[in-house]
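Only one structure is covered here, and it is reproduced in the block below.
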Amino acid sequence: MFKGTQTRLTMQYSGLLMLFLVLFIIIVYTLLYMVILRDQERELEKLTRQETRIISNYLAESARNELRGLGSQELVLAGVDQFFYYVVDAQGNLVMGSETIPHLRNELLTLVAGWVPERNQIREETLTVTFPERRIGGEEVERPSGSDKVRLMIDGSPIFYNNQFIGMIYIGKDISFAYQLFNWLLIVLAGLMVLFAGVAVFLSYMMSKKAMGPISNAFNRQKEFVGDASHELRTPLSVMLSSIDAMEMTDGVEEDPFAQKLLRNMKLEVKRMTALVSDLLVLARADSGGVERSYERFDLNIEAENVIESLTPHAEANQISLHLHAPDEMNVMGDRERLKQLLYILLDNAVKYSPDGGHVTLTLEKGEKEWTMSVKDEGIGIHRDDLPRIFDRFYRSDKSRTRALGGHGLGLSIAKWIAGIHNGSIRVESEPEKGSTFTVYIPLNQTASTAKK
Ligand code: ADP
C-alpha cells in the first residue's frame, strides 16, 4: 500500500520538477533564439544603411543621377561578412554585385526581384546549394559534390538621388551558423533534460521515501497493535464462552427463563466478538505478511460439500436451499484452509442476504488456465454505488441490517486477500432485489513459490 503511494508521490514530485525544467528550457531557448536573431537583424540593418549611404554619397560627389554604368571598381562597399550584395537600377537591372557562391546569382536575383521592403522588414530564406565536384589536377578531390542548406537573412533599401528613386540595394547575410547553434543548443538542452530527469526522479524518490517513512512506521506499529490486541482478546473470550456454558447448566439458572435469555444473548455477542477478533487477526497477519500457508493439491469438491453441510442448518432455518454444481473431481492446488474459508464467506453471505425460500448455487469449474468458483444468490443484491466498496474493510451497505444479520464488514476483505494470495481475483455482478453472483478466478499453475506472500 505504501509502495503504491510512494510511487505516486515520486511520480508527482518528478513530474513537477520536470515541468519546471521544461519551462526553464523553453524560456532559455526562446530568449537565446530571439536575442541572437535580433542581433543579426540589427547588424544587417546597420550594414544596409551604411552601404546605401556610401552609394548615395558617391552619387552626390560625382553628380550622377543614375546607377547605370556604376562599376564595383569605382566603389568599395563596407560589408565583409555578407553572403551577397546587389545594386539594381530603377528598372531592376543589375548594376553591380557580388556573392559568395557565384552560381547562385540568378536564383538570388529572382528571389529579390521587385521586392521593396517595408519599414524594418527583413526576409529570411532557405536556399539549397549544390556543390559540383571539384578536382585538383586529376585525382585529388578538393570538395566532394553534395548539397547544403543555407539560411539567409535579406534586407533591402531604396537609393535616391535628389529625392528621385533610382534603384535598390539588397544585402544577404548567411545566418546558417545561428541555426546550427540553435540545433546544437537543442541537443545539449535535451541531453541536460534527460540527465536532470534522472536526477529529478532520484530526488523525488528520496523525498517521497522520507515523507512516507514516519507514516509507514506509524502504520506498522498500528498493525502490530491490532494483531497483538486480537491475539490477547482471544483467550478471555474463550474463557467467557466456556463460563457462560457452565452457567447455563447451573441449578437455578436452568429454570429461570430470564437468566437463560440473558445468557443466550451474552453467548451470541461473545461468539460474534470471537468471530470479529479472529477476522481482525487474519487481516492483521495478512498485512504483516506473517500468515503461514501450506500449499497442497486437494479435491475442492469435497471441501465444498463440507462447507455446504456446515451451512445447511442455518440455511434450512430460513428455508433457503443450497445447490452445488461441480465436476466429479476438482483437484486444485492451493491453501486448503484458506480456500475453504473463502467458500464459507461467500456462501454465508449468500445465505445471510437471501430472503426466506431463496436458492443459493455454488458452481465450480475448471478451465484451461484457471479454475473458478461462483456463488449465486437471489437475495437483496447490492446497489451500484456500493459495488466498488464492498471489499473495503468494515464496509457494509446497510449497517443496521447487516449488523442484525451478524455481519461486521470484514468477510469480503478476507475473501479478496485469499484470492490475492493465490494470484487470483474476485468479481461481483449484482442487481438490487434480484441477486448477486460472486466469482473467484484462480490460475491453475499454482505453486508455493508463485503464490504471493
Ligand atoms: P458482512 O460481514 O457485513 O457480510 P462482508 O465483507 O462479507 O461483510 O460484506 C460487505 C457488504 O457487502 C455487506 O455488508 C453487504 O452489504 C454486502 N454483501 C456481501 N455479500 C452480499 C450478497 N451476497 N448479497 C447482498 N449484499 C452482499
Side-chain angles (χ1 to χ4, degrees), residues 1 226 230 233 237 268-287 291 304 307-308 310-312 314-325 337-364 372-421 424-441:
M1 178 169 79
V226 176
S230 324
L233 278 169
L237 280 173
L268 202 71
E269 286 304 319
V270 170
K271 273 189 177 161
R272 190 180 273 183
M273 197 152 157
T274 312
L276 171 62
V277 163
S278 95
D279 280 356
L280 274 177
L281 193 61
V282 169
L283 286 172
R285 285 187 178 155
D287 284 343
V291 187
V307 175
I308 287 183
S310 71
L311 278 168
T312 304
H314 176 44
E316 273 175 358
N318 300 303
Q319 294 100 46
I320 295 169
S321 55
L322 293 169
H323 309 273
L324 171 65
H325 294 306
E337 285 312 312
R338 295 290 168 212
L339 288 173
K340 249 172 88 176
Q341 191 179 6
L342 171 53
L343 256 181
Y344 187 89
I345 292 169
L346 296 185
L347 283 170
D348 183 47
N349 275 351
V351 172
K352 244 183 348 194
Y353 300 112
S354 282
D356 289 359
H359 301 274
V360 171
T361 314
L362 165 64
T363 312
L364 302 178
T372 57
M373 59 163 101
S374 87
V375 176
K376 184 175 186 310
D377 65 55
E378 298 162 351
I380 58 170
I382 305 161
H383 197 274
R384 203 146 47 111
D385 297 345
D386 290 321
L387 278 177
R389 302 202 51 199
I390 53 167
F391 293 97
D392 292 353
R393 292 176 189 185
F394 290 111
Y395 188 80
R396 289 163 289 175
S397 16
D398 181 347
K399 287 199 171 47
S400 51
R401 187 171 189 172
T402 47
R403 184 164 159 76
L405 291 166
H408 43 246
L410 288 179
L412 287 181
S413 327
I414 297 177
K416 190 177 166 192
W417 168 70
I418 296 174
I421 58 171
S425 59
I426 177 165
R427 268 169 251 168
V428 56
E429 278 169 40
S430 186
E431 214 179 308
E433 307 309 328
K434 290 243 168 80
S436 319
T437 307
F438 285 81
T439 312
V440 179
Y441 302 83

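Atoms within a ligand are numbered from 1 in the order they appear, just like the ligands themselves. Treat the numbers as computed from the prediction; the structure is a model and nothing was measured.
Any N or O atom pair closer than 3.5 Å counts here, and Phe438 shares no such pair with ligand 1. Taking any N or O of Ser413, backbone or side chain, none lies under 3.5 Å from an N or O belonging to ligand 1. Backbone and side-chain nitrogen or oxygen atoms of Ile380 are examined, and none is located within less than 3.5 angstrom of a nitrogen or oxygen of ligand 1.
In the candidate list Ser397, Ser436, Gly379, Ser397 is nearest to atom 15 (C) of ligand 1, counting heavy atoms. Considering only non-hydrogen atoms, atom 5 (P) of ligand 1 lies nearest to Leu412 out of Leu412, Leu347, Ile414.
At a heavy-atom distance under 4.0 Å, no atom of Val375 approaches ligand 1. No part of Phe391 comes within 4.0 Å of ligand 1, judged by heavy-atom distances. The proximity of Lys352 to ligand 1, defined as any non-hydrogen pair under 4.0 Å, is limited to the side chain.
Within a 6.0 Å sphere centred on CD of Gln319, other residues, nucleotides and ligands contribute more than 12 heavy atoms.
Heavy-atom proximity to Ile390, at under 4.0 Å, picks out these atoms of ligand 1: 10 (C), 12 (O). When each atom of ligand 1 is checked for a heavy atom of His408 under 4.0 Å away, the hits are 1 (P), 2 (O), 3 (O). In summary, the atoms of ligand 1 found under 4.0 Å from a heavy atom of Leu410, numbered by their order in the structure, are 6 (O), 8 (O). Within ligand 1, counting atoms from 1 as listed, the ones closer than 4.0 Å to a heavy atom of Arg396 are 3 (O), 14 (O).
Under 3.5 Å, the side chains of Ser321 and His323 contain a donor-acceptor pair of N or O atoms.
For the residue pair Phe391 and Ser413, the shortest heavy atom distance occurs at O-OG, 3.4 Å. The nearest pair of heavy atoms linking Met373 to Leu339 is CE-O, 4.3 Å. When every heavy atom of Val428 is checked against every heavy atom of Ile390, the shortest pair comes out as CG1-CD1, 4.1 Å. Pairing each heavy atom of Val360 with each of Ile320, the nearest pair is CG2-CG2, 3.9 Å. The two residues Leu364 and Leu362 come nearest to each other via the heavy atoms CD2-CD1, 4.0 Å.
Among residues two or more places apart in sequence or in another chain, the salt bridge (charged side-chain N to carboxylate O under 4.0 Å, His left out) test is passed with Lys340 by Glu303.
For Asp377 (side chain) and Ser436 (main-chain N/O), a donor-acceptor pair under 3.5 Å exists by modelled atom type.
Taking a 4.0 Å cut-off on heavy atoms, Gly409 registers as neighbouring ligand 1.
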